[in-house]
Amino acid sequence: TIHNPLDVDITWIFTVLNRQAGVCQFAIDKSLAACKTPRRNPQVEQAVEFQHQLQQFANRLKQLLSRRLEREIMSKHNPAPSLSPGSVHPETLEGELLLSHGTNAEETIFHPILPLMENGTVLPPDETGALLDAHSQSMDQMLQNLAQVFPDPKKPKLATTAEAGISLLCHNLSTLCQQYLCSINYVEGLLTQQLTQAIGKAVGARELDQFLQFHNQKLFAPAYAPRPFTYAIRRPNHFPDGMLSIEAKASSILCGNGDHDAATALPIDTMVRHVSGHESPISMPINAGTSIDIGGDRFLHGWVKHSFESEAERSFQIVARARQFSSFLLVLGKMAGKNKFAPKHALILRNKDEVLIPLLTEVLPTAKEFKDAISSLSPEQQAFCKAYRGMQLESSVFGICIIQIKPQLEKLLNLPDGALTKEIQLTEDLMSLFVEYQIPSDLMSFEGDTLAQKGIKLAAVKGHVKAVQDAVNGTTEKQLMQEEMKKEMREAQQAPHPFGPPPPGAGPGSLQVGGIFGSGAVSPSAMMSSFGGIPERKSKAFSPAPPPPPSAPVPLPAGGRSHQSRQQDETSRGVDAENPTDNAEDDAGLLQDDADDFTLIPKMLDGKVEKLDSDDALKSTILKAGQVWSRTRQENLLTPPVSASIDSEGQRKEKDKAFDLLDALSRSGTLSIDCAELHVIVALTHCFENDVMGTVIQDNINPISKAERSALIVGSTIHDEPCQILLQSNASQQRLEASFPALFADEDL
């Protein structure tokens, strides 16, 4: 039988062999940039790779011998097959002896490869020679023992001393390679053990984030330090209506030992710059023909997320909670221009609602990776890739808009500030009329003297609300009566006729007359007229009820447009309100000096990262909401809260309700919304190629210093300040300037 050749490259042995001295000389070049630790360096990596190849060669050769003996020769050329299931052929015993002796012999052979370290010195040559001699003597003894068990190679036997010796050598060679690999990794294990003993535990991503939260408060000046993304939704000098935060999911928080932490999830930390938006409101389209202007405060957030290759990716979520008898609007989307916000999702939160929205992250390649990827493409292909990447960077500007409902209701109804603070029932009635019935605001607003007292204005609005509610209730009762009458008529038509089934063509209410008067269907009125009629009764008990007045038309949404008409407008005009398109800007326009244009931040960060991040580890990240949300709602004060999921269809319905309310609150875009907050988030991910302990031990990298550099790059861009202004002390500046001089060399970057 001809087998494929088995070979191994032994070039590495000759590269470290000193022929003149007859010994191997191995050394680590510490001057190389790739030399990280005694285990992680080019020389040791080459030795480890050779040991892997040599071990694989030995294992393949050993498997070839066993397969040839047991599977091919014995199964095909056995002249005396066993007659009973339990009997064994003598040749099979020889093969088993070969394998068992090759395996058991390893237990008595001395292996000279051990991780012996005494005061950092290398064993002298005489001691090394003694170890090698002991290994050689044990091998000779085992070969002599095999010669007593197996026959001479000259005899026609399947398993002789030759096969047994080769099997023994393969076993021993594989064991020596494994011992070498274990000894090399033992050095790295000692470093891990020392580090764990020094700090008391194995550090994971959660512990590193907690340390960075503590460390950044001392590194940065108080005005520029990262802050937790947790905001109370409130007016000045008022109790909060709710809370908004971005948190890491509790199930995704891992300790250094890999166990899940049962503690409450902590919010993320972001670099924050406050921008007043009263002078330049944000335009937000809510349908094809209506856009509303949103004022209020704006917050630009820079979020640096840390990702470790060997650890599970952490999950984040947007958490919004409303207090009892409070309400607000939550709108999610992206910035589509300098003063343009493209909404994607919207939701009304009221009366202790809690909504959990998964926050998905998509990491983009760095500028260097992108340039390397398109370097071999044609100019047309490169232009397409650059345009698409520009769109990706601009779409990474994620926005969360909070709109408070009570202040806008007061402005809409011409009420003074704070008039609805204690009017709980009136606020609930107004919300019901606007959301469920889309009542125009003109029917309920105060239109008297603007200098009138607050009580007079509230009384007038309450009167208007009462009148509208009476009209709605009256219309509802009349519609219910009509439905009941229609139901009774349908039941009367379906009931069996007292004089038998009517003939074909007989209408409802006709009677079947037969006998001496003949047959045929005669209506009661015709029968009465044939007898001269019946005088009209004047009794009120028998007078027919007057016909009900015509029902009032169902009111249209504010602005006179229903859901169907609005959707038809969007379809006919071909305008997507969620993704408004803007004319593409040239690179020169992107570099304009405009601090309020948040869509320029990703490209500015992309350029800074390309110049300042030598590790090419800081990557732009796209944020978007997940597909399935979770909402906890308490229907009334007597029932417990119930959690339910909101799928894509439920999100669409909630968005329609929210936009209908926005349409009413803004009078179809003619009334600006002042009491609002817009949080704009630009996210980047610092990607480490190992876990935290592996980054420190194997890569010999301090993740804290790398995180400091990423924080300075993002912070200087968000705050539009040089790095030295962001730092709290001169000592920190000198330390970082010595480690990363490029951060402080050119502040015009």
Closest heavy-atom pair and its distance - [X], [Y]:
{"X": "H306", "Y": "A707", "value": "NE2-CB, 3.7 Å"}
{"X": "H686", "Y": "S710", "value": "ND1-OG, 2.6 Å"}
{"X": "I113", "Y": "S183", "value": "CG2-OG, 3.8 Å"}
{"X": "K249", "Y": "F316", "value": "CE-O, 4.2 Å"}
{"X": "L132", "Y": "P112", "value": "CD2-CG, 4.3 Å"}
{"X": "A205", "Y": "E311", "value": "CB-OE1, 3.1 Å"}

For the pair [X] (side chain) and [Y] (backbone), establish whether a donor and an acceptor sit closer than 3.5 Å, ignoring hydrogens and angles.
{"X": "S396", "Y": "L393", "value": "yes"}
{"X": "Q381", "Y": "S378", "value": "yes"}
{"X": "N41", "Y": "C35", "value": "no"}
{"X": "E207", "Y": "G204", "value": "yes"}
{"X": "N702", "Y": "I704", "value": "yes"}
{"X": "D606", "Y": "P602", "value": "no"}
{"X": "Q55", "Y": "L176", "value": "no"}
{"X": "S167", "Y": "E163", "value": "no"}

Q. How would you list, by chain and number, every residue that makes a salt bridge (charged side-chain N to carboxylate O under 4.0 Å, His left out) with D613, sequence neighbours excluded?
A. R709
Atom pair [atom1] ([X]) and [atom2] ([Y]), whose distance is rounded to the nearest 0.5 Å:
{"X": "F211", "Y": "I199", "atom1": "CZ", "atom2": "CD1", "answer": "10.5 Å"}
{"X": "C723", "Y": "Y224", "atom1": "SG", "atom2": "OH", "answer": "12.0 Å"}
{"X": "S138", "Y": "L143", "atom1": "OG", "atom2": "CG", "answer": "9.5 Å"}
{"X": "E45", "Y": "I184", "atom1": "CD", "atom2": "CD1", "answer": "10.0 Å"}
{"X": "I622", "Y": "F398", "atom1": "CD1", "atom2": "CZ", "answer": "12.0 Å"}
{"X": "L173", "Y": "L54", "atom1": "CG", "atom2": "CG", "answer": "4.0 Å"}

Results of side chain to side chain contact (heavy atoms under 4.5 Å, CB included) for [X] - residues two or more places apart only:
{"X": "S136", "result": "D140"}
{"X": "S739", "result": "none"}
{"X": "T366", "result": "K368, E369, D616, K619"}
{"X": "I10", "result": "V8, F14, F50"}

Q.
Would you say CD of E127 has more than 12 non-hydrogen atoms from neighbouring residues, nucleotides or ligands within 6.0 angstrom?
A. yes
**Q.** Pair D699-F688, side-chain contact (heavy atoms from CB on, under 4.5 Å): steps then yes or no
**A.** CA-CA 10 Å; D699 301 335; F688 292 91; over 6 Å; no
Modelled atom types, side-chain donor and acceptor of [X] and [Y], under 3.5 Å:
{"X": "N185", "Y": "R39", "answer": "yes"}
{"X": "T361", "Y": "T621", "answer": "no"}
{"X": "Q144", "Y": "Q148", "answer": "no"}
{"X": "N690", "Y": "Q698", "answer": "yes"}
{"X": "K608", "Y": "S716", "answer": "yes"}

Side chain to side chain, [X] and [Y], heavy atoms closer than 4.5 Å:
{"X": "L359", "Y": "Q317", "value": "no"}
{"X": "F220", "Y": "Q728", "value": "no"}
{"X": "F740", "Y": "S705", "value": "yes"}
{"X": "L168", "Y": "L146", "value": "yes"}
{"X": "L195", "Y": "M693", "value": "yes"}
{"X": "I701", "Y": "K706", "value": "yes"}
{"X": "F370", "Y": "C385", "value": "yes"}
{"X": "N145", "Y": "M142", "value": "yes"}

Q | Salt-bridge present (D269, R227; N to O < 4.0 Å) | A | no
Q) Does E708 come within less than 4.0 Å of R735, counting only side-chain N to carboxylate O? A) yes
Q) So V682 and W303, side-chain contact (heavy atoms from CB on, under 4.5 Å) or not? Walk me through it. A) CA-CA 6 Å; V682 179; W303 177 30; over 6 Å; no
Q: With side-chain hydrogen bond (donor to acceptor under 3.5 Å, both in side chains) as the test, would you mind laying out the steps for Q53 and E49 before giving the verdict?
A: CA-CA 6 Å; Q53 295 179 2; E49 180 62 24; 3.3 Å; yes
Q.
side-chain contact (heavy atoms from CB on, under 4.5 Å) for Q141 and I109? Distances and angles first, verdict last.
A. CA-CA 9 Å; Q141 182 65 35; I109 295 178; over 6 Å; no
Q: Any chance you could lay out the side-chain contact (heavy atoms from CB on, under 4.5 Å) test for M271 and T717, step after step, and finish with the verdict?
A: CA-CA 10 Å; M271 300 282 186; T717 307; over 6 Å; no
Q. Listed by chain and number, what are the side chain to side chain donor-acceptor pair (under 3.5 Å) partners of H52, not counting sequence neighbours?
A. none
